[in-house]
Structure formats: structure tokens, C-alpha cells
Amino acid sequence: MRIPIAIMVAAALAGCASRANDVTAAYVSPLTYESYTCDQLREEAARVSSRAVAATGAQNQRASNDAVATGVSLVLFWPAAFLVRGDGAQAAELARLKGEMDAIEQVSTRKQCGIEFQRAPQPVATPVAERG
């Protein structure tokens, strides 16, 4: 009986959507923005950033919904596992937007535009206490 439950748990968790912080940037060529002036780069960075914020919220909501569906399916009602959607178009869009921001930042740095790009704070790993 334990083996089917373990398989169901693994399958449900594998299908969960990723948190926005776990979505890696897709490659976008900096050549796309090479002809932009510093002002145009600033405007494009603001536009892409606002879209990335919206995509981040949508991706995190999807990850939360998947986590709830997984929990319900494992504890109460196994057919709820079919509600787990995993990553999809939202994650792909977020990856693309992150890639665009990276490309804009590279061109901005090369052109010395002085645009400050802020990164989301990375979670800090806490050390495991030594056993003694």
C-alpha cells in the first residue's frame, strides 16, 4: 500500500508549478536593444519590469494553487490531483521577461547609461546547527 501512495505523492509534486523565484531567465540577445538610446533603454526596462511584476504574481498564485490542490489530493480526495497544472505559458512568459531584463541591463552597462537594476532578494540559507 505504501508504494502506490509514494508514487502518487511523487507524481503530484512533480506537476506543481514553480515559484517565480525558481523560474530561470530565458536567453534574449542583447543585440535586440543595441540600437536603443539610454532613454529608450530606461523606458523599455520600466515596461518590461512592470510586466514581469504582473507575471511574477500570476506565477506565484499558480504555484500556491497547485500546492493547495496537491495537499487536498494527498489528504482528502485523490481526484483533486488532476487540478495540479504545473508550469505553462505563465512560466515561459516570466522566463522571457527575465531574459529581456538581463539583455537590457547588459546593453545599459555597455553604454554606461547609469540605470540601476534591482534584483529580488535571494532567500538566505540558514546553516544547520551542529549536533553535539
Side-chain angles (χ1 to χ4, degrees):
M1 184 75 172
R2 289 184 185 188
I3 293 174
I5 292 173
I7 291 171
M8 190 170 62
V9 169
L13 293 177
C16 289
S18 303
R19 303 284 305 159
N21 288 345
D22 296 332
V23 175
T24 58
Y27 176 75
V28 174
S29 174
L31 294 176
T32 306
Y33 302 102
E34 198 60 46
S35 65
Y36 285 39
T37 66
C38 287
D39 286 339
Q40 289 171 323
L41 287 171
R42 199 171 280 108
E43 289 174 13
E44 187 67 5
R47 184 187 70 76
V48 171
S49 177
S50 67
R51 290 180 55 208
V53 167
T56 295
Q59 184 65 27
N60 284 338
Q61 182 63 47
R62 185 174 195 158
S64 295
N65 291 347
D66 278 3
V68 168
T70 300
V72 168
S73 70
L74 295 176
V75 176
L76 299 176
F77 187 61
W78 70 266
F82 295 110
L83 299 175
V84 177
R85 298 180 297 175
D87 286 330
Q90 289 173 332
E93 180 180 5
L94 180 58
R96 182 184 54 77
L97 291 168
K98 286 181 174 186
E100 286 183 20
M101 285 303 292
D102 288 346
I104 293 168
E105 185 174 15
Q106 288 175 24
V107 173
S108 170
T109 300
R110 189 169 33 253
K111 291 186 174 194
Q112 299 177 344
C113 293
I115 301 171
E116 290 187 33
F117 291 82
Q118 296 180 357
R119 301 279 180 194
Q122 297 299 317
V124 177
T126 55
V128 177
E130 291 183 18
R131 295 179 189 172

How close do [X] and [Y] get, heavy atom to heavy atom, and via which atoms?
X	Y	answer
A103	P30	CB-CA, 3.9 Å
V23	A91	CG1-O, 3.6 Å
L41	C113	CD1-SG, 3.9 Å
K98	A25	CB-CB, 3.6 Å
S49	M101	N-SD, 4.0 Å
C38	I115	O-CD1, 4.1 Å

Which distance, rounded to the nearest 0.5 Å, do you find between the CD of E44 and the CG of D39?
13.0 Å
Do you know which of D102, T109, I104 makes side chain to side chain contact (heavy atoms under 4.5 Å, CB included) with F117?
I104
Distance-only, no hydrogens or angles: does the R110 side chain make a donor-acceptor pair with backbone N or O of E34 under 3.5 Å?
no
Within one Ile-Leu-Val-Met-Phe-Trp-Tyr cluster: V28 and L94, side-chain cutoff 4.5 Å
no
E100/R96 salt bridge by N-O under 4.0 Å criterion
yes
Write out all pairs satisfying ring pair (Phe, Tyr, Trp, His ring centres under 6.0 Å) with one or both partners inside residues 34-63, taking only residues at least two apart or from two chains.
Y33-Y36
